[in-house]
Structures are given as structure tokens and as C-alpha cells.
Amino acid sequence: MDGMTGGGLFLRWVGAGTSPVDWCEGNYTVTPHIAEFVNTISNIFFLVVPAACTKLWSSYAKNVSRGIHVVWMFFVVIGLSSAYFHATLSLLGQLLDELSILWVLMVSYTLFTPIHYRPKFLQSRQHLYVGTMTFLALLITASAFVQPAINAYALFLVGVPAISMLVAEVRSSKNPAVVKLGTITLAAMALAILSWMCDRFLCPMWQALDIAILHGLWHVLIFITAYAMQVLFCYFHAFQDVPESRPVLRYWPRRSWGLPYVYCLSARHKTP
């Protein structure tokens, strides 16, 4: 009996269709092995782009924070977790997907929030700040198991401070490159949220039109948003708190377009 109970509990977590969340895309319409095909494969950018980031961000890692590589690792985890969730619609997949997003947000808040945005009593106490953010991350992680159906809405709330800080920094910046990238980021964010909401709340209409793939579009747009926000906050942190690193925004493969990243000019004066 105990074995059956344990097996039933295991299937309740990992079994296909055990998640209370089911997106608008039809299930198993392309292959019997993947529940939501478009929603699964649209996570590809979270897996491919971080591989390029290792080289592009090497000067930033050396001169500002090696924690940037931890962020790219979490991007890969997000991509894998989201793909697993949409392929199986399992509760375990949903929680892995949502919690990996939560942790990349909390790691970014911890490592790359400019100091002047932190509470005053934490601005000069790095260890206490890290401890506080870790505690909050653990608390939110535990609460995610209480009511999984509302986790996505909670994640939006966790992201609100980052949006507020981004708007403030872009509005006050005198750097045209920052203003340009910030504007593109906010536009991509607005389109991503619109795609998410349309898929979630207007599903019958999209199904009638046979274009129920807006959640897949959300994946692409939110990757663009998340990556660009990470670039901007890494730049803000370096420019304001580590000015000796002399950060600049650059693009790959061209100087004026492509994949944005932060390069530290001070790297030119360091021994490889």
C-alpha cells in the first residue's frame, strides 16, 4: 500500500497533464510525444544564445562580476525547464519552469542592482544584502508549492521592481545607446505581455482563427526582453558602481546591430 501511495504521489508530480495550467495551443497535434509542440521548441533561444555569451562577456566577468556566467546558466535551465513543461504539461515541469525564472530574477537583483536602489541599511552591507535576497528567494520558492495555478502572476509581481528601475534609468540616461536599447526592451516587453495575456484570456478566439501559438511568441519576446534587460542592468551596475571597468554597450556580429553585450574597456590594459 505504501509503495502504491508513493508511486501515485510520484505520478501526480511528473505524470503528463498533471499541471493545472494548459495553454491555448492544441495538445499532441504535431507528435504524440510532445504536448505543445510550438511552445516547446520556441525555447530554443534560451539554449543557444548563452553559449555565445561565454566569450562575449569574458571582459565583464573579469572586471566586474563572474556572476554573469551564473545568469547564463540559469537561462539554459529556464529553456530546458520550459521545454520539459510544455512537452509534458506536468506539475513538476511547471514548477521547474517557474522557479528557474524566479531564481534568475533573484540572482540578477542580488548581483546587478545598482547600489543606490538598495535599501539604505543594506547599501554598505553586501553580505546582509545577499542573505536578505536569498531568504526572499527561498520564501517565494516555498510559497510556489502552495497554489501552483497562480505562480505565473506572482512572477510578474517579482519582476515589477526591475521594470520600474529600467524605466527610471532609461529616462535619466544621456547615453543614446542605452536609450535605444532600453526603448527596444520596453517595446518587446509590452508585446510579450500582450501575447501572454491574449493567449491566456482570449484562447477561444485564437483557436477559431487557428493561430493558437501566441504563447510560443511570448517565449521569443520574453527572451529578447530578459536578455536585453540583463545587458542594461549589467551596464548600469558597472557604470555606476564599478566605473573603473569603463563599460560600453556593443553588438555582435556588427557594431550597430546584433546581440548586445557589455564590454569593459579596462580589459585592454590587463594581462590576458
Side-chain angles (χ1 to χ4, degrees), residues 13 18-23 25 35-36 38-50 53 67-113 133-166 185-186 188-197 199-200 214-234:
W13 281 86
T18 53
S19 169
V21 178
D22 189 359
W23 296 97
E25 183 183 357
E36 297 174 344
V38 174
N39 290 351
T40 300
I41 65 171
S42 55
N43 288 287
I44 187 66
F45 293 102
F46 283 96
L47 305 178
V48 174
V49 174
C53 290
I68 188 58
H69 292 316
V70 176
V71 172
W72 306 139
M73 179 189 71
F74 269 109
F75 268 52
V76 173
V77 173
I78 289 172
L80 292 173
S81 299
S82 181
Y84 171 62
F85 166 50
H86 289 290
T88 63
L89 294 179
S90 68
L91 180 58
L92 177 62
Q94 178 196 338
L95 291 172
L96 288 173
D97 182 17
E98 293 163 347
L99 291 177
S100 59
I101 296 171
L102 167 67
W103 278 88
V104 78
L105 280 169
M106 299 307 286
V107 167
S108 295
Y109 279 139
T110 302
L111 297 177
F112 303 111
T113 298
M133 298 303 290
T134 303
F135 172 77
L136 287 174
L138 292 172
L139 181 64
I140 300 172
T141 297
S143 67
F145 292 84
V146 177
Q147 189 58 264
I150 66 171
N151 287 348
Y153 305 100
L155 284 174
F156 277 119
L157 292 177
V158 174
V160 167
I163 298 171
S164 300
M165 289 186 287
L166 177 61
T185 303
L186 292 169
M189 182 189 304
L191 290 173
I193 294 172
L194 180 63
S195 298
W196 190 94
M197 294 181 67
D199 185 88
R200 195 78 186 127
L214 288 180
H215 194 75
L217 179 60
W218 148 266
H219 285 160
V220 177
L221 290 169
I222 201 60
F223 170 79
I224 294 171
T225 301
Y227 180 81
M229 285 187 72
Q230 189 63 57
V231 172
L232 288 165
F233 275 99
C234 284

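All of these numbers come straight from a predicted model, not from anything done at the bench.
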Check whether any side-chain N or O of [X] sits under 3.5 Å from a backbone N or O of [Y] as a donor-acceptor pair, and report yes or no.
X      : Y      : answer
Ser19  : Leu91  : no
Ser100 : Asp97  : yes
Ser82  : Ile78  : no
Gln230 : Ser108 : no

Measure up the His215 and His219 rings against each other and bin them: parallel (under 30°), tilted (30 to 60°), perpendicular (over 60°).
->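 Answer is perpendicular, since the angle exceeds 60°.
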According to the interplanar angle, ranging from 0 to 90°, do the rings of Trp23 and His86 count as parallel (below 30°), tilted (30 to 60°) or perpendicular (above 60°)?
->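 Ring orientation of Trp23 relative to His86: tilted.
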Taking atom CE of Met197 as the centre, does the number of heavy atoms from other residues, nucleotides or ligands within less than 6.0 Å exceed 12?
->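 It does not: Met197 CE has 12 such atoms or fewer within range.
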At what distance, to the nearest 0.5 angstrom, does [atom1] of [X] lie from [atom2] of [Y]?
X      : Y      : atom1 : atom2 : answer
Tyr227 : Ile222 : OH    : CD1   : 15.5 Å
Phe45  : Phe223 : CZ    : CZ    : 7.5 Å
Glu36  : Thr88  : CD    : OG1   : 9.5 Å
Arg200 : Ile193 : CZ    : CD1   : 15.5 Å
Leu92  : Thr18  : CG    : OG1   : 8.0 Å
Met106 : Thr134 : CE    : OG1   : 8.0 Å

Determine, stepwise, if the pair Val76 / Phe46 fulfils side chain to side chain contact (heavy atoms under 4.5 Å, CB included).
-> CA-CA 5 Å; Val76 173; Phe46 283 96; over 6 Å; no
Between Trp218 and Ser42, do the side chains contain an N or O donor and an N or O acceptor separated by less than 3.5 Å?
->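 There is no such pair (donor and acceptor under 3.5 Å, judged by atom type) between the side chains of Trp218 and Ser42.
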pair Leu47-Phe75: side-chain heavy atoms closer than 4.5 Å =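 The answer is no, as the side chains (C-beta and beyond) never meet within the 4.5 Å cut-off.
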Exercise: identify the closest heavy-atom pair between [X] and [Y]:
X      : Y      : result
Leu111 : Gly67  : CD1-CA, 3.7 Å
Thr225 : Ala188 : OG1-C, 3.4 Å
Pro148 : Gln94  : O-NE2, 2.7 Å
Asn43  : Ala83  : ND2-N, 3.6 Å
Ser195 : Leu217 : OG-CD2, 3.6 Å
Val21  : Phe85  : O-CZ, 4.1 Å

Please test Ile140 against Phe135 for side chain to side chain contact (heavy atoms under 4.5 Å, CB included), starting from the C-alpha separation and ending with a verdict.
-> CA-CA 9 Å; Ile140 300 172; Phe135 172 77; over 6 Å; no
With sequence neighbours left out, what residues match Tyr109 under ring pair (Phe, Tyr, Trp, His ring centres under 6.0 Å)?
->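 Not a single residue meets the ring pair (Phe, Tyr, Trp, His ring centres under 6.0 Å) criterion with Tyr109.
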Report the C-alpha separation of Trp196 and Tyr153 in whole Å, then their side-chain angles, then the decisive distance to 0.1 Å, and conclude whether the ring pair (Phe, Tyr, Trp, His ring centres under 6.0 Å) test is met.
-> CA-CA 11 Å; Trp196 190 94; Tyr153 305 100; 5.6 Å; yes
How far apart are the C-alpha atoms of Leu102 and Glu98, what are their side-chain angles, what is the distance that settles it, and do they pass the side chain to side chain contact (heavy atoms under 4.5 Å, CB included) test?
-> CA-CA 6 Å; Leu102 167 67; Glu98 293 163 347; over 6 Å; no
